[in-house]
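So the structure is just underneath, and the comments pick up after that.
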Amino acid sequence: MYLRAAEISDFRANRLLRYEVRDVRDRTEKRLYLYAHRETARHVQLGLRSLGCDPLTMTDEQRRDWTHRYSLDGPLDEESESFLELMKEVLTLNVPSEIDAALALDFH
């Protein structure tokens, strides 16, 4: 069963639902798989640009479980791992083209 946008998209805001980092056999680079709305995935890509984080095509089988796939130049450092965990908690909004990014904090 393929993922549908409605399964991962909320018009108000979105978050990274899950991710996985996989080794590439006999190479130092890694593959990052995301299950997230496209705007959240874009934020992840921007946040990990120091690791390359270049988009890759996916097979039909990969698209059954993931929405995005990226190449990373090497393993995640502690800061990058913390960033991905944070993206599972914070909400990302659709950002108009004239704004690069925004961060809003709230507490109850």
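All values reported here derive from a predicted model rather than from experimental measurement. The figures here come from the full heavy-atom set of this structure, side chains too, leaving out hydrogens, waters and symmetry mates.
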Where is the tightest heavy-atom contact between [X] and [Y], given as atom of each residue plus distance?
X     : Y     : answer
His68 : Ala36 : CE1-O, 3.3 Å
Ser71 : Arg31 : OG-NH1, 3.3 Å
Leu76 : Glu81 : CD1-OE1, 3.5 Å

Among the clusters formed by ILVMFWY side chains lying less than 4.5 Å apart, do [X] and [Y] turn up in the same one?
X     : Y     : answer
Leu48 : Met58 : no
Leu56 : Tyr19 : no
Trp66 : Val44 : no
Tyr33 : Met87 : no

Check your understanding: Side-chain contact, heavy-atom cut-off 4.5 Å: Leu51 with Leu32?
Key -> no
Check your understanding: Taking side chain as C-beta onward, heavy atoms only, is His43 less than 4.5 Å from Phe83?
Key ->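 Contact flag for His43/Phe83 side chains = no.
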To the nearest 0.5 Å, how far apart are [atom1] in [X] and [atom2] in [Y]?
X     : Y     : atom1 : atom2 : answer
Thr40 : Leu34 : OG1   : CG    : 9.5 Å
Asp73 : Thr28 : CG    : OG1   : 8.0 Å
Leu16 : Glu89 : CG    : CD    : 10.0 Å

Practice item. Run the numbers on Asn14 and Glu39 for side-chain contact (heavy atoms from CB on, under 4.5 Å), then give the verdict. Key: CA-CA 8 Å; Asn14 296 280; Glu39 191 67 26; 5.6 Å; no
Practice item. Give a yes or no answer on whether the side chain of Arg15 reaches the backbone of Leu91 with a donor-acceptor pair at less than 3.5 Å. Key: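 No: the side chain of Arg15 does not pair with the backbone of Leu91.
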**Study point:** Electrostatic pair Arg22:Glu20 at N-O distance under 4.0 angstrom
**Key:**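 Yes, Arg22 and Glu20 are salt-bridged.
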Review point. Is Glu61 salt-bridged to Arg64, going by a charged N under 4.0 Å from an acidic O?
Key: no
Who passes side chain to side chain donor-acceptor pair (under 3.5 Å) against [X], sequence neighbours left out?
X     : value
Asp23 : Lys30
Arg27 : Glu29
Asp77 : Ser80

